[in-house]
Amino acid sequence: MFGQKGVAAVAADSTVYEAREIEERWRRAWEKQEKHRAADKTARPKYYCLDMFPYPSGAGLHVGHWRGYVLSDVWSRYKRMNGYEVLHPMGWDAFGLPAENDAIKKGIHPAVGTARNIANFKTQLQNMGAMFDWSRELNTSTPEYYKWTQWIFLQLFDMGLAYRKEMPINWCPSCKTGLANEEVVDGGCERCGTPVTKKNMNQWMLKITAYADRLLEDLDKLEWPEKVRKMQANWIGRSVGARVRFAVPALGEQIEVFTTRPDTLYGATYMVLAPEHPLVSALTAAGQRSAVEQYTAQALGKSALTRQIQDKTKTGVFTGAYARNPLTGLDIPIWVADYVLMDYGTGAIMAVPAHDERDFEFAAAFSLPIVPVIAPIEHSSGSGAPVAGELAQAYTGPGVLINSGVYSGLSVDAAKRQIVADLAQSGMAEETVTYKLRDWVFARQRYWGEPIPVIHCDACGIVPVPERDLPVLLPDVERYEPTGTGESPLAAIASFVNTACPACGGPARRETDTMPQWAGSCWYFLRFADPHNDREPFARDKVDHWLPVDMYIGGVEHAVLHLLYARFFTKVLADRGVIGFDEPFIRLFNQGMLTLNGAKMSKSKGNVVSPEDLVVKYGTDTLRLYELFVGPPEVDAEWNPRAIDGVHRFLSRTYRLLMEAAPSAPRAESQELAKLRHRFVSQVTERLESFRFNTVVSAFMEYVGALQSASEKPDRAALETLAVCIAPLAPHLAEECWQALGHRESVFDTSWPAVDERFLVDDTVEIVLQINGKVKERVAIPQGASEADVAGVASEHARFQNALAGRAVVKQIYVPDRLFNVVVR
RNA sequence: GCCGAAGUGGUGGAAUGGCAUACACGACAGACUUAAAAUCUGUUGCCCGUAAGGGCUUGCGGGUUCGAGUCCCGCCUUCGGCACCA
């Protein structure tokens, strides 16, 4: 059935482990058998194990990339052997800037370069021997796929979640092109190093902030690493506080601020507006105008990097205007300073230098008054309350209000509520929630991406492309270089741009911006459920059957961006009623990086280890096993070029043991080997379940060692169990040995061995005799012996007794089958 | 600055509060070999001692416990994330 003759011939010939020959033969057999196709309809429960699909770069895969794919494959095969129908697909995140930049550099069309890279990646992944279901392969840059990416955009547009806004974007003046945030490295352009400036442009935005609360709350539903959930929570940055309005009586204006500390309102001694704040110009007094204009011009000229990261020295200028503190009724000066950011809160703050570190620094620099209004608890009673001159730094801790009129004496928490409630009476404040999360800039002025499917009509405005007209094809053109005007290269293609308005039929222009690289990866996991559907993005029953993803494996570098965007799309589609779940990934596992010489492997650093040479030298199974053995899967690990020899030696030993013993293995299983076997299965299962793959490999090494040094020849059960258990890790070797053991069906159609608990207990156990917690003696006693029995045994051991001589016994601790500890004085 | 993770032999690492250093790499010694490679066997935490044996040891300092690599408190170092978010 699986090429029996070939197997038999090889098995009879030799017990030398010829990995390459075995692996190629089984890979072909499995391929022919379509062994890795996931069936949509089956009696088995489904299990969806997904890798973060790769961006097919020109550099190819190195051993670091293998790590995650090996983990997911081991896990998929293990789940299959536990009775699940496993969906383990693979595809290509094929739109994106590297392909486009490469194309510009080399003059090769991005579609051509991408196709070549995909072919290379696919060969590499197939070499790995992973059970990917290639019949579901997808590519985000094909019209068959991006038609539905565009369809999803139309749903977002229809739901009011996609909108246009004037936004400053990153701009490289040398390359004359807009850049994605991820292409700005240390304030400079990734390609040429030129400092990035801002350019104001009309942008497509997605209203991800509308989902901020749900994205935050639903993190609790997920079995994700704590670290990633925290990173997402911090990124969303929910902050509960109040909006408070300060009147500017001289101008009849109001300034609204956001604060999380309304309790400190009595300590607000000045206000600050961001340089971009719309009221700056109106508020500025004549005498201050030139100073303010000079300052704002200078602040706006700074890049975000210099303004927010590199230089935190406080600068600012007085506007000459005053606002009235709504509680104290006192007028306080209004300043402009770039430490206040326009795009958070309201772009204006009330400054409480006594209780905010940034305000303190600013007040100190410009000699503004610092009035303490919170006293730490220990100072609240008596006369020890701090006075202004004593403060060396801002106090941000808990405490009790002072210098705050009727509110003095209240706790911070009580005052927050009370002050907002009182101001709300006169409409001067209300409670509110603010997020750090911003709406998502969803447009790129680039060629190699999904065209945004809308049409601009002078008469009708923005009109979505009708669904029947999808996909809006990316035109196949000779020139895809940036135009230099800040427009997409598509804008220069008249045949693409000029079209008819779907609403009125009049002349209209297509949107020429494309979607960012993240767009395709926001929903590819859904498409795998029904990858060839040409009538809809996926059939409802299929997507609801396979999804959500049970196990998602990939690098931690996507902790926020991709994983947040994908969760957002999933919730939108759930709200739209096209899927029946609102979280895409139940369980997430982040594999650690592989380093060489302490650095992340990368082609530019020249420290990549290529899997090809290793596969040729040792075989795929050896490399797979070494990727697991290198260390705990979630921890970064240094590649040790020599350590792989040990793993290869182990597999050769295993192969030889199985092949030599197979023909004459006894049927009957001895007590000794049965114990060894059940203990081994129990250990391997437990370690697999808890993702401790490095220790899984150790368990195999110990078992094989024990079988080799056992007093009897290994029986059939011992050999079969070994072959079955190692199958998820070293699938080719396992299948070969399984056939040699006389089986006609695949090892992956057998089930994972069960453990009989009775074999896990020993008749005699070794326990330690301790004095004051120090081990003095080890003795063998019958399992389950009583404390009295053990004390009796202990009394017969001279060394133990000598150590006890002349000392008073305080107490004895007995842990059955483990230890006996005598505490003496 | 804030948040998080991690510090165990020469190296990668193992250890539900109960025998620290499993498993492997490397090193050393031996077997096989004309020799080498491969393979196999043995030794290998540190200190004192010829030995028997003894002492010490999980970044540092305290604590809880009969007993701590593991739990608690305070530090140090390294790495990662966020970073003027009011």
Side-chain angles (χ1 to χ4, degrees), chain A residues 16 225-231 233-235 237-239 241-242 257-262 264 268 271-272 274 307-309 311-315 337-341 343-352 355-359 361-362 396 434-438 556-557 559-560 592-593 595 598 626 629-632 634-647 649-650 652-653 656 686-687 690 692 694-705 708 766-778 799 810-815 817-824:
Chain A
V16 176
E226 194 54 34
K227 174 183 172 167
V228 176
R229 298 196 322 200
K230 279 238 166 73
M231 281 169 73
N234 290 341
W235 189 266
R238 188 176 196 269
S239 183
V257 304
F258 173 74
T259 178
T260 56
R261 296 297 304 274
T264 61
M271 298 189 79
V272 185
R307 177 166 162 191
Q308 290 184 33
I309 299 171
D311 185 7
K312 293 188 182 178
T313 317
K314 295 290 177 287
T315 58
D338 69 359
Y339 80 93
V340 172
L341 309 175
D343 58 357
Y344 182 76
T346 62
I349 62 158
M350 62 177 217
V352 184
H355 305 292
D356 181 284
E357 283 160 23
R358 298 149 301 178
D359 297 345
E361 229 180 278
F362 190 82
T396 56
T434 298
Y435 302 89
K436 285 206 294 192
L437 183 71
R438 307 288 149 75
V556 75
E557 66 272 16
V560 172
M593 223 166 50
T595 60
Y626 180 62
F629 192 57
V630 72
E634 70 282 6
V635 176
D636 291 351
E638 171 73 11
W639 184 263
N640 179 345
R642 279 180 298 197
I644 192 169
D645 282 320
V647 171
R649 277 198 282 271
F650 161 71
S652 303
R653 266 203 309 275
R656 196 177 334 117
E686 191 189 307
R687 292 175 183 188
S690 50
R692 282 140 59 213
N694 53 329
T695 64
V696 169
V697 177
S698 315
F700 279 103
M701 289 172 168
E702 287 177 78
Y703 186 52
V704 169
Q708 284 179 322
E766 190 186 73
I767 72 161
V768 249
L769 306 180
Q770 297 181 331
I771 290 170
N772 288 347
K774 299 241 182 223
V775 179
K776 292 295 168 191
E777 197 74 86
R778 290 145 217 254
R799 249 176 62 183
V810 177
K811 84 199 259 194
Q812 296 180 357
I813 286 96
Y814 177 56
V815 182
D817 300 337
R818 274 194 183 276
L819 62 83
F820 181 66
N821 184 20
V822 179
V823 185
V824 296

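A note on names: the letters A, B, ... follow the listed sequences, proteins ahead of strands, and every chain is numbered from 1. As the structure is a prediction and not an experimental result, all values here were calculated from the model.
- Here the nucleotide nearest the side chain of Arg656(A), chosen from U16(B), U39(B), C25(B), is U39(B).
- Rounded to an integer number of Å, the gap from CD of Glu702(A) to C1' of A24(B) is 11 Å.
- Across all strands shown, C23(B) pairs with G12(B); the Watson-Crick or G-U wobble distances both stay below 3.5 Å.
- Nearest nucleotide to the side chain of Thr695(A), out of A15(B), A86(B), C82(B): A15(B).
- The base of U16(B) has none of its N or O atoms less than 3.5 Å from a complementary donor or acceptor on the side chain of Arg692(A).
- In this structure, Arg649(A) atom CZ and C25(B) atom C1' are separated by 8 Å, rounded to whole Å.
- Across the strands present, U64(B) finds no partner; the criterion is a Watson-Crick or G-U wobble pair with both atom distances under 3.5 angstrom.
- Taking atom CE of residue Met701(A) and atom C1' of nucleotide G13(B), one finds them 12 Å apart after rounding to whole Å.
- For Lys314(A) and Tyr339(A), the positive end sits near the middle of the six-membered ring, less than 6.0 Å away and at most 45° from its axis.
- Pairing for U70(B) is absent, with no Watson-Crick or G-U wobble pair whose two atom distances lie under 3.5 Å.
- Computed from coordinates, the Trp235(A) CH2 to C2(B) P distance equals 21 Å when rounded to whole Å.
- Thr259(A) and Arg261(A) share no donor-acceptor pair across their side chains, judged by distance under 3.5 Å alone.
- A syn base is found at G9(B): its glycosidic angle is within 90° of 0.
- Of all nucleotides listed (C66(B), A86(B), G18(B)), G18(B) comes nearest to the side chain of Arg818(A).
- Pairing for A52(B) is absent, with no Watson-Crick or G-U wobble pair whose two atom distances lie under 3.5 Å.
- When the C1' atom of G80(B) is taken as reference, atom CE of Met231(A) falls 8 Å away, rounded to whole Å.
- Annotation: of the two residues near RNA chain B, Val630(A) and Asn821(A), the 5′-most nearest-nucleotide partner is Val630(A).
- Between Ser239(A) and A86(B) there is a side-chain polar atom (N or O) within less than 4.0 angstrom of OP1 or OP2.
- The Lys314(A) side chain lies nearest to C84(B) when the options are G26(B), C84(B), A86(B).
- Asn694(A) comes within 4.0 angstrom of the backbone, heavy atoms only, and of no base.
- Within the nucleic acid shown, Gln770(A) comes within 4.0 Å of at least one base atom, counting heavy atoms only.
- Mapping Asn234(A) and Ile644(A) onto RNA chain B by nearest heavy atom places Asn234(A) at the nucleotide closer to the 5' end.
- Contact annotation: Arg653(A) side-chain N/O to C40(B) OP1/OP2 distance is under 4.0 Å.
- Going from the P atom of U50(B) to that of U41(B) covers 33 Å, rounded to whole Å.
- Using atom P as the reference point in both C75(B) and G10(B), the two lie 30 Å apart (nearest Å).
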Evaluation steps, side chain to side chain donor-acceptor pair (under 3.5 Å), between Tyr814(A) and Asn821(A): CA-CA 6 Å; Tyr814(A) 177 56; Asn821(A) 184 20; over 6 Å; no
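- Applying the Watson-Crick and G-U wobble criteria (two distances, each under 3.5 Å), G80(B) pairs with C3(B).
- In this structure, CG of Asn772(A) is placed 12 Å from P of C66(B), rounded to the nearest angstrom.
- No more than 12 heavy-atom neighbours from other residues, nucleotides or ligands sit within 6.0 angstrom of CD on Glu357(A).
- Nucleotide C66(B) holds its P atom 7 Å from the CD1 atom of Ile813(A), rounded to whole Å.
- With a cut-off of 3.5 Å on both pairing distances, A38(B) has no Watson-Crick or G-U wobble partner at all.
- Using a 4.5 Å heavy-atom cutoff, the side chains of Val824(A) and Ile771(A) are in contact.
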